[in-house]
Amino acid sequence: MPDTDLVPFEPPDYASLRAAFRNVIESYPRALYDEQHLVRYRTWFVDSVLVSVPELIHDILVVRAELFRRDDLAQRLLSPLLGTTSLLTAEGADWKWQRRVAAPIFRHEKLLALVPIFNAVAVRQVERWGAAANERPVDIADSMSQMTLEMIVNTMLGGPGALDVQKFTRALTTYLDSFPWRFILSMFRAPWLPYPGRWQTARAREHMYREAARLVAQRRQTPSASADLLDLLLQAGDEETGRMMTDDELARNLVTFILAGHETTAVALTWTLWLLAKYPHVQDQVAAEAQTTIGTGSIEAQHIERLTFTKQVLQEAMRLYPPVPAITRQPLAPLMLGGEQLTPATQVTITIYPLHRNRRVWKNPDTFDPDRFAVEQIKARPRYAYLPFGAGPRVCIGASFAMIEAAVVLAVLVRAFRFKVVNGHRPHPVARVTLRPRGGMPLFFEPR
Ligand code: HEM
């Protein structure tokens with residue numbers, strides 16, 4: 001499937017601050033794509049190492065994971081909303097016990113029980129779109145964002161109506177849009193300085209926290225009929241210490257799960273649908289798999305395993321457009337990495353976007369080819385060459401949740417509609433924590 005049109009941009013050679021502000025992935029040097037490489041740059045305000053070597057990534061995230069922590073920059077960006085003790089932001093023992101508490105909720109069999117909820121939300125999306133089909137392009141980035149938030153609300157937070165989904169999505173977008181400014185100010189260690197939209201950002205953050213705290217308080221008073229994830233978090237004590245989560249920890253974790261779980265999955269689905277629109281024969285294969293596996297009825301848990309090609313399409317889409325385009329860390333103490341002496345101040349960035357297009361690992365890296373994720377091909381590659389969900393102890397806890405949810409959504413949507421690109425529209429990936437298409441993702445669709 002040769003395709004030159006798919007190459008969204010050629011990275012510039014010089015990692016400029018301006019490029020980092022506009023879109024951090026554009027500041028990654030070419031070496032990270034061409035060779036397996038480690039790039040270091042130091043200025044008076046930053047000491048940074050960029051890594052796209054599978055062996056070194058294995059070292060950082062797995063072998064010596066205990067010697068690294070989440071970096072200061074990420075903490076400064078996330079902690080105003082998530083605090084410093086949510087699953088995403090906590091460190092050491094504080095993190096460990098929360099991970100132990102949350103892990104059982106994300107076990108495969110528990111997630112398969114959520115398939116009817118995923119199916120119902122996706123079917124509602126089909127009904128909503130049914131009337132609008134083929135009239136004018138629809139921004140599917142926006143639709144996916146609202147749909148995946150609905151998924152989280154319906155599986156975790158007590159079902160339809162628990163949150164005003166549109167209002168929450170708007171608040172989240174406002175919050176994420178402030179990241180470039182806050183990123184720069186944090187880099188200069190001046191996060192208190194004013195920036196455009198600061199008050200809207202603060203209001204958006206307060207709205208999200210207040211809503212999460214309201215859900216926790218409500219649930220304390222009125223237990224839900226069906227045990228959802230919030231219930232499980234409320235009841236779960238640490239097996240080793242018996243400690244339970246406080247209301248603040250619960251609220252911060254709810255926002256964490258919403259933030260970490262909904263935008264990432266929305267972005268993954270958005271890029272996948274665009275790629276399918278661009279490659280109609282692959283789209284037809286996904287539709288055929290859904291039709292033969294599921295027929296015309298509802299998707300059920302036993303179908304998930306058989307949606308093999310659909311999952312390969314998702315994996316390949318997340319290779320080309322990783323929803324989390326970089327993972328960052330800082331060493332806890334001085335250490336050597338790939339011949340470089342790092343200090344506790346060195347920011348280590350695992351550059352997933354270049355890693356997934358590295359010419360040494362991937363043949364024709366800019367080509368969309370779901371067959372790369374056939375079992376034999378996966379086995380032939382270095383394990384740490386593909387990391388949409390990270391790796392090691394802090395690997396995404398919601399990876400299976402996301403894969404099951406996204407497979408259901410794709411099967412239901414592609415079974416119902418044929419998606420088509422809007423001529424002349426070439427989406428451009430921009431990193432705003434997640435890898436969003438700049439200006440949205442308009443697509444046409446018609447009933448199949
Ligand atoms: C396609 C969808 C998703 C992608 C690409 C994704 C990606 C990631 C990545 C790369 C990390 C590791 C970050 C690091 O090491 O610094 C991570 C962590 C995390 N993810 Fe996901 N994620 C997705 C969906 C979800 C979902 C659905 C949930 C929850 C329902 C979730 C919850 C979390 C949490 C809580 C963490 C922090 C885990 C920890 O530090 O122990 N994610 N995710």
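Keep in mind that what you see is a predicted model, and the values were worked out from it rather than measured. Sequential numbering from 1 along the given sequence is applied to the chain's residues.
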Would one find more than 12 heavy atoms of other residues, nucleotides or ligands at under 6.0 Å from atom CD of Gln166? no

Does Thr89 reach the main-chain N or O of Gly83 with its side chain, forming a donor-acceptor pair under 3.5 Å? yes

Using a strict threshold of under 4.0 Å (side-chain N to carboxylate O), is an ion pair present between Lys311 and Glu305? no

Which distance, rounded to the nearest 0.5 Å, do you find between the CG of Leu355 and the CG of Leu50? 12.5 Å

Decide yes or no for Leu307 and Leu410: does some side-chain heavy atom of the first lie under 4.5 Å from some side-chain heavy atom of the second? no

Is the closest side-chain heavy-atom distance between Val409 and Met151 below 4.5 Å? yes

Less than 4.5 Å apart, side chain to side chain, heavy atoms only: is that true for Val282 and Leu276? yes

Any donor-acceptor pair under 3.5 Å from Thr173 side chain to Thr169 backbone: yes

Rounded to the nearest 0.5 Å, the CH2 atom of Trp271 sits from the CZ atom of Arg436 at a distance of 12.0 Å

How long is the gap from CD on Gln315 to OG1 on Thr310, to the nearest 0.5 Å? 11.0 Å

Between Tyr279 and Asp369, does any side-chain donor sit less than 3.5 Å from a side-chain acceptor? no

Verify, without hydrogens or angle tests, whether Thr351 (side chain) and Val51 (backbone) share a donor-acceptor contact under 3.5 angstrom. yes

If you measure from the Lys or Arg side-chain nitrogens to the Asp or Glu carboxylate oxygens, is any gap between Glu340 and Arg40 under 4.0 Å? yes

Would you say Asp94's side chain and Thr85's backbone share a donor-acceptor pair under 3.5 angstrom? no

According to ring pair (Phe, Tyr, Trp, His ring centres under 6.0 Å), who are the partners of Phe118, at least two apart in sequence or on a separate chain? Phe401

No-hydrogen, no-angle side-chain donor-acceptor test under 3.5 Å, Gln200 and Thr174: no

Are the side chain of His262 and the backbone of Ser145 linked by a donor-acceptor contact shorter than 3.5 Å? yes

Any Pro437 side-chain heavy atom under 4.5 Å of Trp274 side chain: no

Nearest 0.5 angstrom please: Arg69 CZ to Arg329 CZ, how far? 11.0 Å

Distance-minimising heavy-atom pair for Arg220 and Leu234: NH1-CD2, 2.9 Å

Please give me the minimum heavy-atom distance between Leu111 and Ser400, naming the atom from each residue. CD1-CB, 3.5 Å

How close do Met147 and Ala122 get, counting heavy atoms only, and between which atoms? SD-CA, 4.3 Å

Over 60° means perpendicular and under 30° means parallel, so classify the ring planes of Phe168 and His207, tilted if in between. tilted

Look only at the side chain of Asp164 and the backbone of Lys167, and say whether a donor-acceptor pair between them is shorter than 3.5 Å. yes

Tell me, do Leu273 and Met144 make a side-chain contact under 4.5 Å, heavy atoms counted? yes

Contacts of His58 meeting ring pair (Phe, Tyr, Trp, His ring centres under 6.0 Å) (sequence neighbours excluded), chain-then-number -> Tyr384

Taking atom OG1 of Thr256 and atom CG of Asn253, what is their separation to the nearest 0.5 Å? 5.0 Å

Restricting to non-hydrogen atoms, name the atom on Pro365 and the atom on Leu320 that form the minimum distance, rounded to 0.1 Å. O-CD2, 3.5 Å

Measure from the side-chain N and O atoms of Asp247 to the backbone N and O of Ala217, and report whether any donor-acceptor pair falls under 3.5 Å. no

How are the rings of Phe373 and Tyr386 set to each other: parallel, tilted or perpendicular (split at 30° and 60°)? tilted

Give the C-alpha distance, both sets of side-chain angles, the deciding distance and a yes or no for side-chain contact (heavy atoms from CB on, under 4.5 Å) between Val324 and Ile352. CA-CA 8 Å; Val324 177; Ile352 307 288; 5.7 Å; no

Count the heavy atoms belonging to other residues, nucleotides or ligands that lie under 6.0 Å from CD of Gln341, then report whether that count exceeds 12. yes

In plain terms, say whether Glu249 and Arg252 are close enough for a salt bridge, that is, a side-chain N and a carboxylate O under 4.0 Å apart. no

Does the side chain of Leu61 come within less than 4.5 Å of Leu387's, by heavy atoms? yes

Would Thr367 and Arg372 satisfy side-chain contact (heavy atoms from CB on, under 4.5 Å), going step by step from the backbone distance to the final call? CA-CA 10 Å; Thr367 302; Arg372 291 181 209 272; 4.0 Å; yes

Would you say the side chain of Gln347 lies within less than 4.5 Å of the side chain of Asp47, judging by non-hydrogen atoms? no

Could you check whether any side-chain heavy atom of Ile304 comes within less than 4.5 Å of a side-chain heavy atom of Val408, counting everything from C-beta outward? yes

Determine, for Glu211 against Arg214, whether the closest basic-nitrogen to carboxylate-oxygen distance falls under 4.0 angstrom. yes

side-chain contact (heavy atoms from CB on, under 4.5 Å) assessment of Ile258 paired with Leu149: CA-CA 7 Å; Ile258 295 171; Leu149 180 54; 3.5 Å; yes

Using atom types as modelled and distance alone, determine if a side-chain donor or acceptor of Glu405 lies under 3.5 Å from a backbone N or O of Ile152. no

Say whether, by atom type as modelled, one donor and one acceptor occur between the side chain of Glu91 and the main chain of Arg70 under 3.5 angstrom. yes

Identify the two heavy atoms, one from Pro442 and one from His425, that lie closest to each other, and give their separation to 0.1 Å. CD-NE2, 3.4 Å

Contact summary for Pro331 and Thr343, nearest pair of heavy atoms: CG-O, 3.4 Å

With side-chain contact (heavy atoms from CB on, under 4.5 Å) as the test, would you mind laying out the steps for Leu87 and Arg99 before giving the verdict? CA-CA 7 Å; Leu87 185 54; Arg99 181 93 189 191; 3.9 Å; yes

Quiz item: cation-pi between Arg357 and Phe368, 6.0 Å / 45°: no

Please walk me through it: do Glu206 and Arg203 pass salt bridge (Lys or Arg N to Asp or Glu O under 4.0 Å)? CA-CA 5 Å; Glu206 274 159 31; Arg203 269 204 302 277; over 6 Å; no

Can you tell me how far CG of Asp72 sits from OG of Ser79, rounded to the nearest 0.5 angstrom? 10.0 Å

